[in-house]
Amino acid sequence: MKPVSRIGAGGDSPPASTERSLVELRSISKTFGATRALDGVSFNIGKDETLGFVGANGAGKSTLIKILSGIYRQSSGEVLIGGETKTISSPTDARSMGIATVHQNIDDAVVFGMTVAENLLLDEIATSTSEVFMNQRLILKRARSVQEKLQLELPLTAPVEALSASGRQEVAIARALVGNAKLLILDEPTSTLSAREAEKLFEAVQDLRRRGITVLYVSHRMSEIKMLCDRTVVLRNGRIVSEQVAPLDTRKIASAILGELVLSTKHKSRMGDKPVFVGKGLRARSESAPAELEFRRGEVVGLTGLVGAGKTELLEQICGRRPLEAGDMRLHEKDYAPRDAAAAIAQGVVMVPEERSLQAIFPGESLWQHCTVGMMAFFSRLGFMIQRKETAYARDVIRDFRVVCSAAEVPIEDLSGGNQQKLLVGRWLKNDWSLVVLDEPFRGIDIGARAIISRALREYSKHAAVVVCSSDPEEVVEVADRVLIMVEGRVRHGGRADELTSEELSEIMSQTAYHEAHDGREVTLQ
């Protein structure tokens with residue numbers, strides 16, 4: 001539901017009046033060695049507004065957010081809060097000034113080894129004067145109060161690492177709201193949420209606005225920006241290039257983000273030819289209904305469904321990342337039963353996992369090392385790695401997928417989340433594989449990068465089978481030839497992608513009893 005705008009006609013606009021500013025940024029610059037991440041950024045965040053903050057990966061959004069959050073100090077410029085110049089030296093300073101942040105990497109905001117309740121009250125627990133310090137009974141009592149207030153459906157006594165990515169995201173957002181925040185910064189908040197969970201978040205953002213809490217909303221999803229935001233600020237190459245007030249023109253915003261209009265990604269669905277992978281009697285979980293799957297060369301299959309529907313569990317079995325629940329698999333008409341991910345890779349089946357930070361990133365390692373891990377045989381001779389060949393390969397990936405970085409030798413932590421994702425997707429598409437499976441490959445990626453990857457996957461599928469798993473129907477329709485829908489661990493045939501709209505997919509995904517409305521017979525997905 002679109003909040004009522006108080007601002008007037010849409011279009012480009014000057015900055016908001018400083019009289020209504022909660023936070024004002026004046027000529028903020030930030031350099032990292034020879035890299036200038038921010039270059040004289042000035043804009044205002046008004047009281048009681050939801051401001052959309054958008055830009056391509058590497059534009060400098062995360063750097064600016066970290067300055068407001070007290071993680072980085074600006075190289076020059078001023079931050080004014082309530083009209084007074086402030087020095088934000090640490091996250092504690094930011095919180096004391098009423099600035100709460102939920103970062104894009106949700107695991108930065110939760111502490112493994114602690115319960116959900118403890119994570120919700122982490123700031124209080126860390127304060128030695130707090131009455132809940134080291135008192136589990138009071139922690140649980142306070143957490144239940146928070147749970148009721150925020151309408152959370154989370155197991156308070158469970159360890160936070162036992163939750164799904166979407167569950168940890170909920171904890172991170174709830175923890176930010178526990179304090180008396182005046183400005184809540186949400187960095188890609190729906191990237192791991194289901195459609196139902198995202199709706200709850202949207203309602204919460206609108207409620208915050210009614211309560212007088214300002215929200216800085218960072219997202220690559222233009223539909224969210226248009227629905228929620230009173231105003232947008234566009235950052236490109238470290239500079240503000242556009243501001244717009246509601247009603248928002250998303251095509252104009254996209255043009256400002258990229259410096260050019262986004263090319264259409266519409267396509268006619270292909271049916272594929274020779275089957276590469278065939279699975280019979282497969283189950284996402286032990287209690288799930290069996291399904292028959294067929295992935296063909298010459299097509300991109302889009303697998304979609306709500307978070308928790310079983311998509312990841314099914315794909316990880318196919319890619320050797322978890323034991324097979326049931327059934328049989330064949331690859332190129334030969335029996336296929338990989339004992340682990342390495343065995344699957346050796347047979348030509350590769351996967352980009354859902355959770356980048358936990359499953360695909362090695363802290364401290366360089367970009368070229370991330371590009372070649374799992375493919376050592378391509379870059380070695382007589383048991384010795386050929387670094388020259390590895391770095392050349394990485395530079396090709398960086399160039400083709402427009403990864404914003406200073407060099408292939410830098411550690412992966414130097415990249416923004418979206419550029420990390422482009423690197424991890426692109427690294428697989430520079431070699432020949434039989435089956436490429438990508439679980440949420442567009443998470444945290446801007447619209448331009450999404451178009452680049454979509455085109456690359458469609459081109460790659462001419463000689464391989466490609467499966468793209470996404471809980472975002474718009475992403476599925478954009479890239480896929482054929483769509484499969486999972487509902488509560490059950491796989492259903494969605495049909496040709498060019499005959500379905502994202503709205504139709506959303507409706508089917510949200511119907512948890514979808515299969516009961518049909519004749520109950522098993523569906524062969526081919």
Nearest non-hydrogen partners of [X] and [Y], listed with the distance:
X: V397; Y: G426; answer: CG1-C, 3.8 Å
X: M486; Y: L314; answer: SD-CD2, 4.3 Å
X: T304; Y: S470; answer: OG1-O, 2.7 Å
X: L429; Y: A456; answer: CD1-CB, 4.1 Å

ask   = D249 and K226: salt bridge (charged side-chain N to carboxylate O under 4.0 Å, His left out), yes or no, with the steps?
value = CA-CA 8 Å; D249 184 337; K226 185 173 184 178; over 6 Å; no

Between [atom1] of [X] and [atom2] of [Y], what distance do you get to the nearest 0.5 Å?
X: S286; Y: E325; atom1: OG; atom2: CD; answer: 5.0 Å
X: R297; Y: D273; atom1: CZ; atom2: CG; answer: 4.5 Å
X: Q420; Y: I361; atom1: CD; atom2: CD1; answer: 3.5 Å

task = State which residue, out of K268, R496, R296, R458, fulfils the side-chain hydrogen bond (donor to acceptor under 3.5 Å, both in side chains) condition with D481.
result =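 Option passing the side-chain hydrogen bond (donor to acceptor under 3.5 Å, both in side chains) with D481: R458.
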
Thinking salt bridges, do [X] and [Y] make one under a 4.0 Å N-O criterion?
X: R322; Y: E313; answer: no
X: R450; Y: E474; answer: yes
X: K280; Y: E292; answer: no

Check whether any side-chain N or O of [X] sits under 3.5 Å from a backbone N or O of [Y] as a donor-acceptor pair, and report yes or no.
X: E161; Y: G113; answer: yes
X: W433; Y: W428; answer: yes
X: E299; Y: A465; answer: no
X: N119; Y: T115; answer: yes
X: E188; Y: H220; answer: yes
X: E440; Y: S471; answer: yes
X: Q421; Y: P441; answer: yes
X: S366; Y: Q369; answer: yes
X: Q317; Y: R283; answer: yes
X: S288; Y: R285; answer: yes

How about [atom1] on [X], more than 12 heavy atoms from neighbouring residues, nucleotides or ligands closer than 6.0 Å, or not?
X: E148; atom1: CD; answer: no
X: R399; atom1: CZ; answer: yes
X: D328; atom1: CG; answer: no

We want to know whether [X] and [Y] form a side-chain donor-acceptor pair, criterion being a heavy-atom distance below 3.5 angstrom.
X: Y217; Y: E224; answer: yes
X: R221; Y: T190; answer: yes
X: T312; Y: E354; answer: yes

task = Kindly write out the residues that satisfy side-chain contact (heavy atoms from CB on, under 4.5 Å) with L163, not counting sequence neighbours, or none if the list is empty.
result =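 Checked L163 against side-chain contact (heavy atoms from CB on, under 4.5 Å); matches are V116, L154, P155, V160, R168, V171.
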
Check against side chain to side chain donor-acceptor pair (under 3.5 Å), S461 and R270 = CA-CA 10 Å; S461 67; R270 305 162 300 180; 2.7 Å; yes

ask   = Are L282 and L293 close enough, and set up right, to give a side-chain contact (heavy atoms from CB on, under 4.5 Å), and what steps lead you there?
value = CA-CA 8 Å; L282 303 183; L293 298 173; 3.9 Å; yes

query = Do the rings of H370 and F362 sit parallel, tilted or perpendicular, given the 30° and 60° boundaries?
reply =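 It falls in the tilted class, 30° to 60°.
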
Consider side chain to side chain contact (heavy atoms under 4.5 Å, CB included). Of [options], which one does [X] pass it with?
X: I225; options: V218, T232, T250; answer: T232
X: F295; options: V467, L331, L303; answer: V467
X: F277; options: V301, V437, I318; answer: I318

request  = Apply salt bridge (Lys or Arg N to Asp or Glu O under 4.0 Å) to K430 and list each qualifying residue two or more places apart in sequence or on a separate chain.
outcome  =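 Testing K430 for salt bridge (Lys or Arg N to Asp or Glu O under 4.0 Å), a comparison that skips the adjacent residues, returns D400.
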
request  = Using salt bridge (Lys or Arg N to Asp or Glu O under 4.0 Å) as the criterion, list what pairs up with K462, not counting sequence neighbours.
outcome  =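 K462 satisfies salt bridge (Lys or Arg N to Asp or Glu O under 4.0 Å) with E459 once adjacent residues are dropped.
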
message = Working note: E153 + Q147, criterion side chain to side chain donor-acceptor pair (under 3.5 Å); need CA distance, chi angles, decisive distance, verdict.
response = CA-CA 8 Å; E153 298 177 2; Q147 184 181 45; over 6 Å; no

